[in-house]
Trainee: 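I have a structure I would like to understand better, so I am pasting it below and will then ask my questions one at a time.
These numbers were taken from a predicted model, which means no experiment stands behind them. Note on naming: letters A, B, ... go to the chains in the order of the sequence lines (proteins, then strands), and numbering restarts at 1 for each one.
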There are 2 protein chains.
Amino acid sequence: MVDNMNSPADLPQRPIVSVDLAIFALAPEGLEVLLARRGTEPFSGYWALPGGWIHVDEDRNLEAAARRVLSDKTGVATPYFEQVGIFGDAERDPRGWSLSVTYMALIAPDAVTLRHGGNVTDVAWHPIDGDTTMAPLAFDHAAILRAAITRLRNKVEYSTLPVHLLPEAFTLSELQAVYERLLGRLLDKSAFRKRIAEVDFIEPIAGEMRRASNRPAQLYRLKQAGSTVFFDRTI
Amino acid sequence: MVDNMNSPADLPQRPIVSVDLAIFALAPEGLEVLLARRGTEPFSGYWALPGGWIHVDEDRNLEAAARRVLSDKTGVATPYFEQVGIFGDAERDPRGWSLSVTYMALIAPDAVTLRHGGNVTDVAWHPIDGDTTMAPLAFDHAAILRAAITRLRNKVEYSTLPVHLLPEAFTLSELQAVYERLLGRLLDKSAFRKRIAEVDFIEPIAGEMRRASNRPAQLYRLKQAGSTVFFDRTI
DNA sequence: CTAAGTTAGTTGAAACTTTACACTAAGATG
DNA sequence: CATCTTAGTGTAAAGTTTCAACTAACTTAG
């Protein structure tokens with residue numbers, strides 16, 4: 001809401017606003033987050049969540065700004081995307097009262113080409129250990145990352161969100177393995193399949209099988225790209 | 001995060017940022033939201049979610065800004081408080097690219113004194129019918145309110161959130177009635193009590209009973225003020 | 001003083017779900 | 001063609017939910 005007059009002079013001093021992204025992928029070694037090394041002050045040389053300013057003349061809305069940042073850094077255009085929250089106070093950025101609008105993205109291990117450039121000297125995947133990375137992060141990005149990881153881990157318990165960490169076609173065993181790795185515990189095969197069947201969000205790809213030196217497995221795909229369904233119980 | 005230099009001249013044009021609140025209470029007639037009638041352009045005369053600017057020199061962080069707005073409008077200092085999200089695009093405010101950081105608050109029907117003032121001519125409770133109010137709302141506040149109501153209704157299914165709509169001391173039957181009114185369906189008494197007992201978030205107030213012309217009922221209170229607990233199943 | 005009315009709080013049998021684990025199926029490989 | 005491996009299904013026992021009835025504790029009317 002707005003308590004003030006129309007002329008810019010009457011508007012109070014505005015905070016700095018950036019859009020920051022916690023971009024997750026699942027590597028063979030575990031969950032990873034994409035970080036960018038800063039090339040300018042403040043926190044020059046530190047790793048940070050990739051982000052940028054809102055381009056008032058270019059971005060139609062917040063999500064468009066976030067997608068622009070994502071595609072600049074990864075070349076990926078349409079992954080799973082969700083707002084994590086907004087973090088703002090007087091101290092987090094030495095340049096003044098600032099806000100970080102944070103989004104979380106889940107991407108499949110294929111389909112990524114890292115891109116450098118801008119005032120960023122490096123972009124790389126960093127493994128997540130517990131709820132942090134090895135490298136210390138710029139600003140309050142460690143806290144923001146923690147919030148994103150907590151959100152992700154919670155949603156694994158009661159939603160189909162982990163499917164977005166897999167490529168377009170996947171088997172039920174692969175999907176179960178993603179759940180197990182994110183949850184850190186083993187799941188019962190028949191119970192897992194029952195839950196997945198109940199919420200009816202994937203479909204077999206007719207005739208497509210994953211072949212190996214054993215019984216072939218049916219490949220599945222999402223019924224609606226980008227969709228997430230909630231269980232009425234934990235998985 | 002931040003792609004730019006330290007000097008203000010290098011920072012891009014900043015969006016306008018307001019903090020808006022969806023403040024809910026449960027009246028005998030149903031769920032209500034607190035709205036303020038705008039006294040200035042744009043949308044002068046329209047009802048809107050109460051809100052205000054971030055006071056860069058006064059508010060230490062976002063939540064402090066939101067609590068300041070709440071206490072200005074209602075006199076209530078410490079209700080349940082949660083971030084709903086941030087809404088931002090080029091068109092929602094005719095004055096330019098703007099962001100609304102939205103919080104949801106749940107307050108008990110006691111403990112509220114409405115306060116007018118500022119550029120607001122009126123503050124009043126409006127009943128919620130489905131997911132809207134009767135009056136048309138300023139800006140995109142109808143969409144923001146819809147998001148807040150959806151969040152609230154979803155959380156009723158799997159959390160103890162509705163307890164914050166009751167006064168400090170309440171009976172189990174009163175708590176069950178709140179759930180039933182928000183969900184629009186009746187719950188089984190013994191199943192409801194089992195769920196509530198499992199999560200162990202309230203305690204009986206020794207010796208305090210609600211008396212009427214029938215068997216007296218034990219009064220309970222939250223074990224930790226402001227806390228919310230999640231069920232691992234729907235209620 | 002007692003019977004009737006009302007809501008609080010508990011109990012239990014039947015129906016349903018989940019769990020743990022074993023079984024059958026279908027391929028590759030040697 | 002026997003063996004190995006993973007896919008996918010079945011089932012008995014254990015646990016949970018549902019539905020409804022029951023007992024408890026008070027006020028009020030007569």
Trainee: Around atom OH of A:Tyr46, are there more than 12 heavy atoms of other residues, nucleotides or ligands at under 6.0 Å?
Mentor: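 Not buried by this count: 12 neighbours or fewer within 6.0 Å.
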Trainee: Grab the CG-P distance between A:Leu175 and D:dG8 for me, whole Å please.
Mentor: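 In whole Å, D:dG8 P and A:Leu175 CG are 12 Å from each other.
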Trainee: Nearest-Å distance, OH (A:Tyr220) to P (D:dA7)?
Mentor: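 So the OH-P distance, A:Tyr220 to D:dA7, works out to 12 Å.
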Trainee: I'd like to know if A:Arg233 pairs up with B:Glu157 as an ion pair, taking the criterion as any Lys NZ or Arg NE/NH1/NH2 lying under 4.0 Å from an Asp or Glu carboxylate oxygen.
Mentor: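 Here A:Arg233 does not pair with B:Glu157 in a salt bridge, since their nearest N and O are not under 4.0 Å apart.
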Trainee: Take atom CD in B:Glu168; do more than 12 heavy atoms of anything else shown fall under 6.0 Å from it?
Mentor: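 No, because the 6.0 Å sphere around CD of B:Glu168 holds 12 heavy atoms or fewer from other groups.
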Trainee: Take B:Asn154 and A:Phe230 through the side-chain contact (heavy atoms from CB on, under 4.5 Å) test and state the conclusion after the steps.
Mentor: CA-CA 11 Å; B:Asn154 282 342; A:Phe230 296 89; over 6 Å; no
Trainee: Please report, to 0.1 Å, the donor-acceptor pairs under 3.5 Å made by any side chain of residues 198-208 of chain B, with sequence neighbours excluded.
Mentor:
| unit_1 | atom_1 | unit_2 | atom_2 | d |
| --- | --- | --- | --- | --- |
| B:Asp200 | OD1 | B:Lys223 | NZ | 2.8 |
| B:Asp200 | OD2 | B:Lys223 | NZ | 3.2 |
| B:Glu203 | OE2 | B:Arg221 | NH1 | 3.0 |

Trainee: Measuring from B:Ser159:OG to B:His164:NE2, what's the distance to the nearest 0.5 Å?
Mentor: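 Here the rounded value is 7.5 Å.
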Trainee: Are B:Arg60 and A:Asp89 within salt-bridge range, i.e. N to O under 4.0 Å?
Mentor: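 A:Asp89 and B:Arg60: not salt-bridged.
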Trainee: Grab the CZ-C1' distance between A:Arg210 and C:dG27 for me, whole Å please.
Mentor: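 One finds 15 Å between C1' of C:dG27 and CZ of A:Arg210, rounded.
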Trainee: Rounded to whole angstrom units, what separation is found between the NZ atom of B:Lys189 and the C1' atom of C:dT11?
Mentor: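 Atom-to-atom, B:Lys189 to C:dT11, this comes out as 12 Å.
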Trainee: Take atom CD of B:Gln176 and atom P of C:dT10, then tell me their distance rounded to the nearest Å.
Mentor: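 For the pair B:Gln176 CD and C:dT10 P, the rounded distance is 13 Å.
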Trainee: Does this structure show an ion pair linking B:Arg181 with B:Glu174, if we count only N-O contacts that are shorter than 4.0 Å?
Mentor: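 Looking at B:Arg181 and B:Glu174, the cut-off is not met.
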Trainee: Does D:dA7 have its OP1 or OP2 closer than 4.0 Å to a side-chain nitrogen or oxygen of A:Ser173?
Mentor: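 Yes, A:Ser173 has a side-chain N/O under 4.0 Å of OP1/OP2 on D:dA7.
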Trainee: Counting primed atoms plus P, OP1 and OP2 as sugar-phosphate and everything else as base, spell out the protein contacts along nucleotides 25-30 of chain D at 4.0 Å heavy-atom distance: B, S or - for each nucleotide, 5' to 3'.
Mentor: BBS---
Trainee: Please produce a list of atom pairs where a protein N or O lies less than 3.5 Å from an N or O of nucleotides 16-19 of chain D.
Mentor:
| unit_1 | atom_1 | unit_2 | atom_2 | d |
| --- | --- | --- | --- | --- |
| D:dT17 | OP2 | B:Lys194 | NZ | 2.6 |
| D:dC19 | N4 | B:Ser190 | OG | 3.2 |

Trainee: What integer distance in Å separates B:Ile196:CD1 from C:dA8:C1'?
Mentor: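 Nearest whole value for this atom pair: 16 Å.
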Trainee: To the nearest Å, how far apart are A:Glu208 CD and D:dA7 C1'?
Mentor: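 It works out to 17 Å between those atoms.
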Trainee: Round to a whole Å and report the spacing from CD of B:Gln218 to P of D:dA24.
Mentor: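 Between P of D:dA24 and CD of B:Gln218: 18 Å.
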Trainee: Should the ring pair A:Phe192 and A:Tyr179 be called parallel, tilted or perpendicular, given that the plane angle runs from 0 to 90° and is split at 30 and 60?
Mentor: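 Aromatic pair A:Phe192/A:Tyr179 classed perpendicular.
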